[in-house]
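Note sheet for the following structure.
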2 protein chains.
Amino acid sequence: MAATNTTGTRALINPRPGIFALALAAVLFLSVPASRADEGMYPLSEIGKLNLAAHGLKLTAADIFDPGKGGLVDAIVRVGGCTGSFVSPEGLIITNHHCAFGIVQQASTPDRDYITDGFFAPDGRAELPAPGLTIRITDSYTDVSAEVLADLPDTMDYTARSEAISRRMKEIVARAEADHPGKRADVSEMFPGKSYLLFIYTYLRDVRAVYVPPRSVGEFGGETDNWVWPRHTGDFAFVRAYVGPDGSPADYSPDNVPYKPKRFLKVDPAGVEDGDNVFILGYPGRTYRHQSSSFLAYEEDVRMPYVADLYRWEISVMEALGDEDPAGAIKMSGRIKSLSNVMKNYTSKLQGMARLGLTAERAAEDSTLTAFIAADPALAARYGDMLDELERVYVSMRQDADLSLTLEYMNRSVVMLSVARQLLEASDEMLKPDIERRSPYMERNLRSTKTSLLRSLREYVEPADQRFLREFFLDASDLDVNHRIGAIDSRLGETNVEGAIDEFISAAYGSTRLTDSAFVANCFGMAPDSLSAIDDPFLKLAADLRPAYEAERSRSVERRGALTKLNGEYAEARELLLKKDFIPDANGTLRMTFGSIKGYTPADALHAEPITTIRGVIEKTTGREPFNTPAKIVELYGKKDYGRLASRKLRTLPVCLLYNLDTTGGNSGSPLLNAAGDLVGVNFDRAYGATINDFAWDESYSRSIAVDIRYVLWMTAKVAGANRIIGELGVGPVD
Amino acid sequence: MAATNTTGTRALINPRPGIFALALAAVLFLSVPASRADEGMYPLSEIGKLNLAAHGLKLTAADIFDPGKGGLVDAIVRVGGCTGSFVSPEGLIITNHHCAFGIVQQASTPDRDYITDGFFAPDGRAELPAPGLTIRITDSYTDVSAEVLADLPDTMDYTARSEAISRRMKEIVARAEADHPGKRADVSEMFPGKSYLLFIYTYLRDVRAVYVPPRSVGEFGGETDNWVWPRHTGDFAFVRAYVGPDGSPADYSPDNVPYKPKRFLKVDPAGVEDGDNVFILGYPGRTYRHQSSSFLAYEEDVRMPYVADLYRWEISVMEALGDEDPAGAIKMSGRIKSLSNVMKNYTSKLQGMARLGLTAERAAEDSTLTAFIAADPALAARYGDMLDELERVYVSMRQDADLSLTLEYMNRSVVMLSVARQLLEASDEMLKPDIERRSPYMERNLRSTKTSLLRSLREYVEPADQRFLREFFLDASDLDVNHRIGAIDSRLGETNVEGAIDEFISAAYGSTRLTDSAFVANCFGMAPDSLSAIDDPFLKLAADLRPAYEAERSRSVERRGALTKLNGEYAEARELLLKKDFIPDANGTLRMTFGSIKGYTPADALHAEPITTIRGVIEKTTGREPFNTPAKIVELYGKKDYGRLASRKLRTLPVCLLYNLDTTGGNSGSPLLNAAGDLVGVNFDRAYGATINDFAWDESYSRSIAVDIRYVLWMTAKVAGANRIIGELGVGPVD
C-alpha cells in the first residue's frame with residue numbers, strides 16, 4: 001500500500017531489503033556506539049538496589065519507595081492510558097494535554113469551544129466532569145511467580161501451557177479482588193515464563209478537568225512536530241480526582257469531594273538546566289529488549305512495514321474523504337491521529353533499525369550465544385534447542401503472515417465487521433462461567449468493552465469503512481492457495497471479483513442495522529439463538545468468518561505458549577552469557593528511570609540543545625494550524641514578560657526539555673523530577689530516531705521530551721490567568 | 001496555483017499577509033540581530049582599501065589584485081554562468097559538478113552513461129569537448145560613469161533617460177570591441193544611475209571535461225538537499241581550457257593546446273577547520289541590498305509568491321506527465337530542476353522575510369530617512385520627492401501586476417509562443433543597424449540567441465506546453481476589464497471559454513511547424529514579409545499579441561528609467577543618513593568576500609556545525625536516488641581509508657564546509673581560499689534561510705556552502721583513481 005496510491009494494497013508483505021542495504025548496515029554496525037550505561041526502566045522491586053547518590057540524586061531509595069511504607073511513588077497514578085501525578089493535597093493531578101484532551105472534546109459544542117479556547121474552571125464547582133476517565137493508584141504488589149508457574153513441566157505442549165498460565169492469572173485476580181472489595185487486581189508478567197507480580201489498584205472514577213490549555217498550545221506543531229525535537233508543545237493539563245464524601249471511590253456526583261492523596265509532588269518553579277540529573281516515575285507500556293534476532297527480523301521485514309504502509313494508505317483515504325465531508329473529517333480525526341502516531345513511530349523505527357543494523361547486530365549476538373551454549377554440556381542440555389525453536393516459531397509466523405495480518409487488520413480497520421464479531425463473541429462468552437470467559441467479557445471488564453464498542457460507532461464514517469472492506473476483500477482474493485478465507489471466497493466467486501465486492505458492499509451497507517448504537521447496545525450480550533435469528537449481512541459475514549478467526553487464534557495461542565517459554569529461557573541464557581541481571585521489559589507497571597538533561601547529535605554536523613525556548617514557538621508560528629500561537633503569547637514574548645520563570649542560564653523562557661531517560665508509550669504525562677524529587681517537567685514524547693529504544697536502548701540516540709514546568713507555570717499564570725492553580729501548587733508568586 | 005492542485009491558477013496575486021502575520025513580524029523585528037559586520041561583495045576597485053590583516057588574511061590587497069599588474073584574481077574565470085579557477089599551469093580549472101554537468105549530459109548515450117558513471121579522461125587526448133561552453137577571463141576594467149551619464153538632466157523623462165543610458169552603454173561596448181579585436185566588452189552598472197565600469201574580457205571557446213564525478217556524488221541529495229545544511233554533496237568537476245597553437249582563443253580543434261593561465265591557484269590538501277579565516281573570489285550574479293521597502297513589499301507580496309506558486313504548479317504538471325512518459329521526463333528534467341531551484345529559493349526567502357520582518361524593518365528605516373531628508377533644506381530640495389516617487393512606481397507595478405506577470409510568465413512557460421515571438425522579433429530587429437537592435441539580436445549575440453532558441457525545442461514536451469497555454473489563457477480570461485489581452489479574448493469569445501481554449505489548442509498544436517528545429521532555424525532572421533507569409537497558428541498568435549507585449553515593454557522601460565534614477569538617489573541619501581559608503585550590489589562582476597568557517601543556529605535549540613563528514617554521507621544513503629552512494633565509497637568508509645586527507649581535528653574525512661561569507665547565484669564554482677590564498681574548497685550553495693541575504697545580509701543567518709578540497713582530492717584519488725589530476729595539482733601523494 002504505497003503512500004500516494006489510494007487504489008490498491010497488492011503487496012501484502014514487503015520484500016527484504018536488498019543486498020546493498022544489508023552491506024551498508026554491516027558497515028554502519030562497525031561504528032554503533034556500545035554504551036548502554038543508563039538503560040533501565042526499574043520496577044519497584046529493583047529501586048532499593050540502586051545507588052541513587054552515585055547517579056547524582058539527592059534522595060534515597062526509601063524516599064522513592066519503601067516496601068510497606070510507600071514514598072514518592074504514592075503520588076504517581078495512571079490516568080486512562082497515561083501517567084499523572086498528584087501535585088496538591090486536594091487531589092490535583094498534572095498530566096499531558098493529549099491525555100486530558102478527550103474531556104474537552106466531549107464537552108465542546110459549537111458555542112462553547114473548549115478545544116480551541118482551552119478550559120479553565122475559576123472555582124471548584126466549575127470543574128468539568130470526564131465520564132469514563134479513571135485514575136488508578138497502585139496500592140501494593142506481591143510476587144506470585146511460584147503459584148503461576150507451579151507444576152508446568154517442560155514437556156507440556158505450548159497451547160496447554162499458555163492456557164494454564166492464563167487461567168492461573170485469572171484465578172489469582174479473582175481471589176485478590178474478593179479479598180479487597182472495591183479494588184482491582186492485575187497479574188503482570190515481568191519476565192515471560194519466569195516472574196509474575198500481583199498488583200492491587202484503587203480506581204477513582206470521578207475525574208474533572210481544572211485547566212486544559214488551548215489546542216494551539218497543547219498540540220502546537222501537531223502531526224508535523226510529533227516525535228520531533230526541537231519541540232515547542234505545551235502538552236500539559238491539570239485534572240482533579242474526586243471521591244464520595246466518605247473518601248471512597250465513587251461515580252461522579254456533585255456531592256463528591258476532592259481526593260486527599262497519600263502523597264503529592266512538590267513543584268520546583270526554578271526548573272532544571274543542561275546537565276542536571278533527573279528521573280521519571282511512570283507506567284511505560286511495552287518494550288522488547290530481550291528478544292531474539294528472529295523477532296527483530298520479523299518486525300523489521302514483515303509486521304512493521306505492513307502496518308506502516310497500511311496505515312499510511314488508510315490515513316490518505318480518510319484525509320481525502322474528509323476534504324469532501326467536514327463532519328466526517330471531525331469523526332475520523334481521532335483515528336487519523338492515532339494511526340499517524342503509530343505510522344510515524346514505525347517509520348522512524350524502521351529507519352533507525354536500517355541505519356544502525358540492529359537486527360544484524362542481534363543476530364551476531366545470537367551466534368555468540370549459540371556458541372556459548374554449545375560449549376557447556378549443562379547449558380547445551382537446557383538451552384540447546386532454544387534458538388532453533390525460536391527461529392522455527394518465526395518461520396511459521398512468516399509463512400502465515402499474509403493470512404494472519406489480513407485477518408487481524410481487517411478486523412481492526414472495518415468497523416462493521418469488528419462490531420459484528422464482538423456481538424457474536426459477547427453472546428457466546430457470556431454463557432460461560434466468568435473465570436472461563438475471554439478477558440473483555442469477564443464481568444469486571446464488560447462495561448468498558450461495551451463502552452469502547454459504542455465509541456467505535458460514534459467515529460464511524462461509512463465511505464471509509466467501505467473503502468477498507470474493499471481493500472481487504474481484494475487482499476483476501478490474492479491470498480496464497482493454502483491461506484484462502486472461505487467466507488470471503490464464497491462471496492466473491494471466481495470471475496469479476498471487483499464487481500462482486502462492489503455488489504456485496506452495496507447490499508451489505510445498504511441493509512445493515514449495526515450502524516445504530518441503540519440496536520448494537522441491545523444486541524450486546526444477547527443469547528446466541530436470538531442473535532443468530534437477526535438477519536444482518538455483517539452478523540452473517542462475521543459468523544461465516546468465525547472458523548478462520550478461531551483457527552488463527554489457536555495458532556496464536558500455541559505460538560504465545562512457545563514464546564513465553566522460549567523467551568524466558570532466552571533471557572536466562574543471555575544473562576548467563578553477559579553475566580548481568582536484566583531489567584524486565586516495560587509492561588504497564590510502575591517504573592523508575594534516571595539520567596540527565598542532555599542534547600544529542602541527530603545527524604552528522606547537527607547538535608540539538610536539550611532546552612527549547614519561547615523564541616522557537618514564535619519562529620515556528622505561521623498563524624495557521626498547527627502553528628497558530630495565541631495572540632497573548634506573542635504579546636508577552638514581545639514584552640519579554642516571563643516573571644520569575646526565565647531560565648537563569650538561558651535568560652529566556654524555556655518550553656521543552658530533552659533527556660537521556662528510558663521511556664516508552666504509557667510514560668505520557670509522567671512527572672520529570674529533579675535530583676531532590678521535585679517536579680520540573682511533564683514527559684510527553686520521544687525524539688524521532690529514539691523510538692527504536694523499544695528494541696534497544698542507546699545513550700547516543702535514546703532521548704525523551706517533557707514540557708518544562710516553567711512553561712507550564714507561565715501559561716497557567718500569565719497567559720491563562722489561572723492563579724487559583726498557582727496558589728494550590730504552593731510555588732509562590734511567579735510574576 | 002496550489003501545490004497539490006493541477007487544475008487551475010485562479011488566484012493571480014496572493015493576498016497580503018493578515019494582520020496577525022504583520023503583528024508577529026513586528027514582534028520578531030524587536031529581536032533581529034543588528035550586526036552587519038561582514039557584509040560585502042567587494043569589487044576590484046575596493047580591494048585595495050581593505051585591511052586584510054585585520055580580517056585574518058596572510059596576504060596583501062596587492063597579492064589579490066594590483067591594478068595594472070593583476071594578482072590572484074587572474075586565476076578566477078567565469079565558466080558559463082558559474083565561476084571557476086585555474087589550478088594548474090596547463091589550464092586545468094576546478095568548478096562545480098552542476099556547472100560542468102551539461103558536458104557529460106550531451107556526451108552520454110545509453111551505452112556510455114557518463115551521467116551515472118562519471119567521466120575521467122586517463123590522458124589529454126581523451127578529454128571530452130564541451131561545445132558551447134566558454135571560459136571568460138577578466139582582462140581589465142575602466143570607469144566610464146562620466147561618459148554614460150554626461151548631459152542627462154534631472155528634468156529628462158524616464159523613458160528617454162533609460163534609452164539614452166542603454167544606447168551609450170552599447171556605443172562604449174562597440175568602440176571597445178573595435179579597439180580590442182578578439183575580445184568582448186561589457187559595461188556593468190555598479191550603482192544604478194551612478195557608476196558604470198567597462199570590462200574587457202577574453203573568451204576561451206574550447207573547453208573539455210577532465211574529471212566529472214558520478215551524479216550520485218556530484219548531485220548527492222538532489223532536490224531534497226538543495227539549499228540545505230548539513231550537506232554532503234561532492235559538487236565539483238575538473239575541466240580544461242584549450243587555445244589554438246598560437247595561444248589565441250579558438251573553437252574546438254584536435255590541434256589546440258592547453259591554455260597557459262597568467263596565474264593559477266595552489267591547492268592546500270590540509271584544508272581548513274572550524275574558525276579558520278577564508279575568502280572567496282568569484283562572479284556573484286544579482287543582489288538587491290540598496291532597495292526601498294516598496295521594492296521589498298512588491299517582491300514579498302506580489303512577485304515572489306506568484307512565481308513560487310506558478311513554478312510549484314508547473315513542476316507538479318511536468319512530474320505527473322513524466323510519470324507517464326519516461327522520454328518526456330528526461331527532456332523536462334532540466335527545466336524541472338531549474339524551476340525547483342527558483343521555487344525553493346523564493347519559498348525560503350518568503351519564509352525568511354516573514355520570520356525576520358524584513359520589509360517592516362526597511363519601512364521603519366525609510367521613515368527615518370524621510371525625516372532625515374525633511375530636516376535639512378538642501379537634502380529636501382534634492383531628495384524631497386524621491387521616496388514618494390519610488391512608492392508611486394511600485395503602486396503602478398502592483399496595479400498592472402496581473403497583466404504584466406501573465407504576459408511575462410506566459411512567454412517563459414509556453415515554448416511555442418516564445419519561439420514564435422523570438423522569430424518575429426529577430427525578423428524585425430535584424431533589419432535595423434546593429435547598434436539600434438535589442439541586445440539579443442546584435443551581431444555579437446546572435447549566435448547564442450539562436451542556440452538557446454533551438455535548445456528550448458530540444459526540451460519541448462507538447463502535453464506540458466498545452467497545459468501551460470491552457471492555464472495562461474484561463475488566467476487571461478479572468479483579467480480585470482482594464483487589462484484585457486485582445487489577441488486572447490478574440491480567440492476565446494464570450495461563452496464557453498474552456499471549450500474555445502481546447503479547440504484552439506487542438507487546432508494550433510495540430511498544425512504548427514514550430515516544433516521542427518530545422519524549420520525554426522530557417523525562419524530565424526527571415527525577412528518580415530517572408531515570415532508573415534507563413535501560415536502558422538503560433539506566429540499568428542504572436543503577431544496578434546505584439547501590441548500587448550510592446551505596451552508592456554514601454555511601461556517597463558519607463559519604470560526602469562525611473563528606478564535607475566530614483567534608486568541612485570535613494571542609495572546616495574541612505575549613505576548620507578548612515579554615514580557610510582555602500583558596496584555596490586552584485587552584478588556579475590568579479591568580487592571578493594571574506595569571513596570564516598562558522599556554524600550557525602538554524603532554529604531554536606539547533607546548532608549546525610560548519611564541517612560535515614563522510615559519516616553523514618553514509619547516514620543519508622538509502623541506496624536509491626538521490627541518496628545512492630557508490631559502493632566504493634561505502635567500502636573505503638568501512639576501512640576508514642582516508643589517506644592523509646582526514647581532518648586533524650575531526651579525525652575523519654570532511655565533505656562540505658559552511659562559512660559566513662557573502663555569496664549569491666553566480667558564485668557557484670568559486671574557489672574558497674584560506675588565509676594564505678590557497679584553495680581549500682569549491683563554493684556551490686547557500687543554506688536554507690540564507691537566501692534572503694539577496695535582500696539583506698546578516699551574520700546570524702547568512703551562510704554559504706563549499707565542497708571541502710579534502711573530499712575533492714579523496715574522490716579524485718581514492719575513489720576515481722584519477723591520479724593524473726593529483727599529480728598535475730602538485731599536492732604530493734594523498735594516500
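A note on names: the letters A, B, ... follow the listed sequences, proteins ahead of strands, and every chain is numbered from 1.
How far CD of Glu609(B) is from OG1 of Thr601(A): 7.5 Å, rounded to the nearest 0.5 Å. Here the OG1-CG distance, from Thr612(A) to Asp604(B), works out to 5.5 Å after rounding to the nearest 0.5 Å.
Heavy-atom distances place both the backbone and the side chain of Leu606(B) under 4.5 Å from chain A.
Between chain A and the options Pro230(B), Gly616(B), Gly599(B), heavy-atom pairs under 4.5 Å are most frequent for Pro230(B).
Applying the salt bridge (Lys or Arg N to Asp or Glu O under 4.0 Å) test to Arg231(A) and every residue at least two apart in sequence or in another chain returns Asp685(A). In this view, Lys344(B) satisfies the salt bridge (Lys or Arg N to Asp or Glu O under 4.0 Å) rule with no residue, not counting sequence neighbours.
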